[in-house]
Trainee: 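The structure under discussion is supplied below as structure tokens; questions concerning it will follow.
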Amino acid sequence: MRDAIDRTLGPRGTLLAFSHGDIFASLLGCYLAGGDCIEDVMDIKPFWDGHGIRIASSDTIERALRKLSEDNINYSGESGRTCKFNVASRMNSLMLKCLRATGQLNPGDCIDLDFDHQFIPTGKKDAEYPYKNAFGYFPGVASVGDLMVGIENRDGNTNVKFHQKDTLERIFHRLEGEARVLVRNFRADCGSFSEDIVACVMEHCERFYIRASNCGSRRTDFMEHEDWDEVEIRNSSDKGTGHIRCGVTSFQWDSFLSDGNLRLVVQRTKLSEEITGEESNSLLGTEYVYRCILTNDWDNSEKAIIEYYNKRGASERNFDCQNNDFGWAHLPFSFLKENTVFLIATAILKNSYLHFLDMLRGRAEGIDCGTRIKRFVRRFVTLPAKWIRSGRMDVLTLYTKRHIHLSLC
């Protein structure tokens, strides 16, 4: 992967300078040792320096990342307000090249793509104040399961649908052109529910599943409809162990793209099981809570479609991992374009970490593919160890009863 980084980003200064591969390796070492921010890399330098591993200082890492930034794109809305977007094309291309280098994405793969927006609260100089009641950024993130495959950053007060079509077009083109993979299914929440976005998605994937918003006229149709099938839906909030009883049905969609043969899958759940207390006052006079999914899938049952859509909750956990394990909660720079580089760089590190965990399977006790950084540090990093000079070589000797394959050290 280091070769892919250096080939894509090019050399840095003289031959004695830290390469871009060294920069990424230093930052990865910082987080794998339990660091929260770039400055924590200084704590691991005394241990690794002098044993054939070059650890860059925090200032060098920040300087290198800052130089990788690209100018923002300004979009003007109907109200005349300008919104900043940062595409970071080279860094997004690097993310896909690294995934190909590790074999996590291969040409010809058929993938299920999830797209969502994550509000990142921060008091940086150009952060905007949105409806989230805090200053911050609002990046759009594309993922394939646990892997991040595309990130574009935006002003914090930008509506999620504003120019989302352009963002998705760029993500699809990179996946199809650079990674050479095919998007089989696409999932997104109601922030992607608009005619232009749905039309864009239909051009690039076989099937899509987008949460549809409810309006008053549709609710009336649902309440008057009598042909409901009672099923049990796996409840994702219970980590796959619980089920919820509900009614399901389908409608032919004709509000827009009427020639697209689209299907609206509707799920209704008794209000008493969904909302209790004061929250139910706003829904007085109704008996059910309705949730809808717009799709072009007419082959699978309503139950199968709803359960498949609910699995996108696993991709949303990527944000928790990035915030707590890979520094998104501690953005280092003052401007959106520089922090976009940091977001993508740490997403690349997270993808690499998942590849490393896959390599550790069966070779390090207590480590599996779902291991978070905190557990990884406790089980693998914070072990008694000593560098011993043997046979004119530095050998790392571990003092632990846990089974760890020595070829990993």
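The structure displayed is predicted, hence computed values, not measured ones.
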Trainee: Answer yes or no: is there a side-chain heavy-atom contact under 4.5 Å between Asn310 and Arg234?
Mentor: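 Result no, sub-4.5 Å side-chain heavy-atom pair not found.
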
Trainee: If you look at every heavy atom in Gly34 and Val377, which pair is closest and at what distance?
Mentor: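 Of all heavy-atom pairs spanning Gly34 and Val377, the closest is N-CG2, 3.6 Å.
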
Trainee: Does Lys350 come within less than 4.0 Å of Asp325, counting only side-chain N to carboxylate O?
Mentor: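 Here Lys350 does not pair with Asp325 in a salt bridge, since their nearest N and O are not under 4.0 Å apart.
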
Trainee: Between the side chains of Arg211 and Asp189, is the shortest nitrogen-to-carboxylate-oxygen separation below 4.0 Å, so that they form an ion pair?
Mentor: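 Not counted as a salt bridge, because no side-chain N and carboxylate O are separated by less than 4.0 Å.
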
Trainee: To the nearest 0.5 angstrom, please state how far the CD1 atom of Ile348 sits from the CG atom of Leu147.
Mentor: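 Result: 12.5 Å between the selected atoms.
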
Trainee: Pairing donors with acceptors under 3.5 angstrom, does anything connect the side chains of Asp196 and Ser194?
Mentor: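 Looking only at side-chain atoms, Ser194 and Asp196 do form a donor-acceptor pair, the distance falling under 3.5 Å.
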
Trainee: Nearest heavy-atom pair of Ser255 and Arg218: which atoms, and what distance?
Mentor: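 Where Ser255 meets Arg218 most closely, the heavy atoms are OG-NH2, 4.1 Å.
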
Trainee: Set out, in order, the CA-CA distance, both residues' side-chain angles and the distance that settles side-chain hydrogen bond (donor to acceptor under 3.5 Å, both in side chains) for Asn92 and Ser89, then state yes or no.
Mentor: CA-CA 5 Å; Asn92 273 295; Ser89 298; over 6 Å; no

Trainee: Which heavy atom of Pro121 sits nearest to which heavy atom of Ala134, and what is that distance?
Mentor: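 Reported closest heavy-atom pair: CB-CB, 4.4 Å.
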
Trainee: Between the side chains of Lys84 and Asp155, is the shortest nitrogen-to-carboxylate-oxygen separation below 4.0 Å, so that they form an ion pair?
Mentor: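 A salt bridge is present here (some side-chain N lies under 4.0 Å from a carboxylate O).
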
Trainee: Is there a donor-acceptor pair closer than 3.5 Å between any side-chain N or O of Asp109 and the backbone N or O of Ile111?
Mentor: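 No, because the side chain of Asp109 does not come within donor-acceptor range (under 3.5 Å) of the backbone of Ile111.
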
Trainee: Between Asn86 and Arg154, do the side chains contain a donor N or O and an acceptor N or O under 3.5 Å apart?
Mentor: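 Judged by distance alone, the side chains do not pair up.
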
Trainee: With no hydrogens and no angle check, do the side chains of Glu178 and Ser93 hold a donor and an acceptor under 3.5 Å apart?
Mentor: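 Judged by distance alone, the side chains do pair up.
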
Trainee: Kindly determine whether Arg180 and Leu175 satisfy side chain to side chain contact (heavy atoms under 4.5 Å, CB included), including the steps that lead there.
Mentor: CA-CA 6 Å; Arg180 289 186 287 170; Leu175 287 169; over 6 Å; no

Trainee: Distance check, rounded to the nearest 0.5 Å: Cys110 atom SG versus Leu182 atom CG?
Mentor: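 If I round to the nearest 0.5 Å, the distance is 5.0 Å.
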
Trainee: Do Glu70 and Lys337 meet the salt-bridge criterion of a basic N to acidic O distance under 4.0 Å?
Mentor: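 Glu70 and Lys337: not salt-bridged.
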
Trainee: Working note: Asn339 + Lys124, criterion side chain to side chain contact (heavy atoms under 4.5 Å, CB included); need CA distance, chi angles, decisive distance, verdict.
Mentor: CA-CA 10 Å; Asn339 283 315; Lys124 300 303 179 180; 3.9 Å; yes

Trainee: Answer yes or no: is there an ion pair linking Glu302 with Arg263, defined by an N-O contact shorter than 4.0 Å?
Mentor: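 A salt bridge links Glu302 with Arg263.
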
Trainee: Flag the pair Ile388 / Asp394 as yes when at least one side-chain heavy-atom distance between them is below 4.5 Å, and no otherwise.
Mentor: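 When only atoms from C-beta onward are counted, Asp394 and Ile388 do not touch, as no gap falls below 4.5 Å.
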
Trainee: What heavy-atom pair brings Ile5 and Cys98 nearest, and what distance separates the two atoms?
Mentor: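 Answer, listing the atom of Ile5 first, then Cys98: CG1-SG, 3.8 Å.
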
Trainee: I'd like to know whether the aromatic ring centres of Trp253 and Phe193 sit less than 6.0 Å apart in this structure.
Mentor: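 Yes; Phe193 has its ring centre under 6.0 Å from that of Trp253.
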
Trainee: Could you tell me whether the side chains of His355 and Asp358 share a donor-acceptor contact shorter than 3.5 Å?
Mentor: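 There is no such pair (donor and acceptor under 3.5 Å, judged by atom type) between the side chains of His355 and Asp358.
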
Trainee: Start with the C-alpha gap between Leu262 and Thr295, add the side-chain angles, then the distance that decides, and say whether side chain to side chain contact (heavy atoms under 4.5 Å, CB included) holds.
Mentor: CA-CA 6 Å; Leu262 303 184; Thr295 179; over 6 Å; no

Trainee: Would you sort out whether Ser26 and Ile61 count as a side chain to side chain contact (heavy atoms under 4.5 Å, CB included), showing the intermediate values?
Mentor: CA-CA 8 Å; Ser26 300; Ile61 295 174; 4.0 Å; yes

Trainee: Does His225 reach the side chain of Thr249, with side-chain heavy atoms less than 4.5 Å apart?
Mentor: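 Yes, at least one pair of side-chain atoms sits under 4.5 Å.
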
Trainee: Are the side chain of Asn106 and the backbone of Gly103 linked by a donor-acceptor contact shorter than 3.5 Å?
Mentor: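 Looks like yes, one N/O pair under 3.5 Å.
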
Trainee: Ring centroid separation for Phe222 and Tyr288, is it under 6.0 angstrom?
Mentor: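 For Phe222 and Tyr288, the ring centres are not under 6.0 Å apart.
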
Trainee: If we only count heavy atoms from C-beta on, is the Glu128 to Phe138 side-chain gap below 4.5 Å?
Mentor: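 Not in contact.
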
Trainee: To the nearest 0.5 Å, tell me how far Met1 CE sits from Asn351 CG.
Mentor: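 If we round to the nearest 0.5 Å, Met1:CE and Asn351:CG are 9.0 Å apart.
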
Trainee: Are any of the side-chain nitrogens in Lys303 or Asp229 under 4.0 Å away from the carboxylate oxygens of its partner?
Mentor: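 No, Lys303 and Asp229 are not salt-bridged.
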
Trainee: So, Ser143 side chain and Asp146 main chain: donor-acceptor pair closer than 3.5 Å or not?
Mentor: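 Between the backbone of Asp146 and the side chain of Ser143 there is no qualifying donor-acceptor contact (under 3.5 Å).
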
Trainee: Only one of Phe186, Phe115, Tyr209 forms a side chain to side chain contact (heavy atoms under 4.5 Å, CB included) with Val201, so which one is it?
Mentor: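 Checked Phe186, Phe115, Tyr209 against Val201; only one passes side chain to side chain contact (heavy atoms under 4.5 Å, CB included): Phe186.
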
Trainee: Does the side chain of Asn300 come under 3.5 Å of the side chain of Asp297 through a donor N or O and an acceptor N or O?
Mentor: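 Per modelled atom types, Asn300 and Asp297 side chains form a pair under 3.5 Å.
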
Trainee: If you define the side chain from C-beta out and look only at heavy atoms, does anything of Phe85 sit under 4.5 Å from Asn72?
Mentor: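 The answer is no; the side chains never approach within 4.5 Å.
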
Trainee: With the threshold set at 4.0 Å, does a side-chain nitrogen-carboxylate oxygen contact exist between Asp299 and Arg207?
Mentor: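 Salt bridge present between Asp299 and Arg207.
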
Trainee: Below 4.5 Å, heavy atoms only, C-beta onward: do Thr122 and His330 meet side chain to side chain?
Mentor: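 A side-chain contact is absent here, since even the closest heavy-atom pair is not under 4.5 Å.
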
Trainee: Measure centre to centre between the rings of Tyr353 and Tyr31, then say whether the value is under 6.0 Å.
Mentor: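 No - the distance between ring centres of Tyr353 and Tyr31 does not fall below the 6.0 Å cut-off.
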
Trainee: Within this structure, what is the OG1-CG distance for the pair Thr346 and Leu28, rounded to the nearest 0.5 Å?
Mentor: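 Rounded to the nearest 0.5 Å, the OG1-CG separation comes out at 11.0 Å.
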
Trainee: Any chance you could measure Asn185, atom CG, to Cys205, atom SG, to the nearest 0.5 Å?
Mentor: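 Here the rounded value is 7.5 Å.
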
Trainee: Over all heavy atoms of both residues, which pair between Val41 and Ser57 is shortest? Give the atoms and the distance, please.
Mentor: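 Residues Val41 and Ser57, closest heavy atoms: CG1-C, 4.1 Å.
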
Trainee: Would you say the side-chain atoms of Gln164 pair up with the backbone N or O of Gly191, donor to acceptor, closer than 3.5 Å?
Mentor: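 Indeed, once roles are kept as given, a pair shorter than 3.5 Å links the two residues.
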
Trainee: Let me see the working for Arg12 and Asp22 under salt bridge (Lys or Arg N to Asp or Glu O under 4.0 Å), right down to the final yes or no.
Mentor: CA-CA 10 Å; Arg12 289 189 66 248; Asp22 294 330; over 6 Å; no

Trainee: What's the shortest heavy-atom distance between Ile23 and Ala56, and which atoms?
Mentor: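 Distance-wise, the nearest heavy atoms are CD1-CB, 3.9 Å.
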
Trainee: Should the pair Glu152-Arg174 be classified as a salt bridge under the 4.0 Å nitrogen-to-oxygen rule?
Mentor: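 Here Glu152 pairs with Arg174 in a salt bridge, since their nearest N and O are under 4.0 Å apart.
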
Trainee: Is the cationic atom of Arg187 (NZ for Lys, CZ for Arg) positioned less than 6.0 Å from the six-membered ring centroid of Tyr308 and within 45 degrees of its normal?
Mentor: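 So Arg187 does make the cation-pi contact.
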
Trainee: For a 4.5 angstrom cut-off between non-hydrogen side-chain atoms, does Val87 reach Asn153?
Mentor: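 The answer is no; the side chains never approach within 4.5 Å.
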
Trainee: Using modelled atom types only, decide if a donor and an acceptor are shared between the side chain of His20 and the backbone of Gly10 within a distance under 3.5 Å.
Mentor: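 Yes, the answer is positive, given that a donor and an acceptor are paired below the 3.5 Å cut-off.
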
Trainee: About how many Å separate OG1 of Thr60 and CD of Glu62, when rounded to the nearest 0.5 Å?
Mentor: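 The CD atom of Glu62 sits 9.5 Å away from the OG1 atom of Thr60.
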
Trainee: Side chain of Asp320, backbone of Arg317: donor and acceptor closer than 3.5 Å?
Mentor: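 Looks like no, no N/O pair under 3.5 Å.
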
Trainee: Under 3.5 Å, is there a donor-acceptor pair between the side chain of Lys270 and the main chain of Arg245?
Mentor: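 No.
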
Trainee: Under 3.5 Å, is there a donor-acceptor pair between the side chain of Trp328 and the main chain of Ala347?
Mentor: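 A pair under 3.5 Å: no.
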
Trainee: May I have the step-by-step check of salt bridge (Lys or Arg N to Asp or Glu O under 4.0 Å) for Asp114 and Lys311, ending in yes or no?
Mentor: CA-CA 10 Å; Asp114 293 305; Lys311 290 180 181 178; over 6 Å; no

Trainee: Do His117 and Val141 come close enough that some side-chain heavy atom pair is under 4.5 Å?
Mentor: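 Answer no - side chains too far apart.
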
Trainee: Between Asp40 and Asp36, is there a donor-acceptor pair closer than 3.5 Å when you use the side chain of the first and the backbone of the second?
Mentor: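 It does hold such a pair.
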
Trainee: Are Glu338 and Arg66 ion-paired here, with the side-chain N under 4.0 Å from a carboxylate O?
Mentor: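 Answer for the salt bridge query: yes.
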
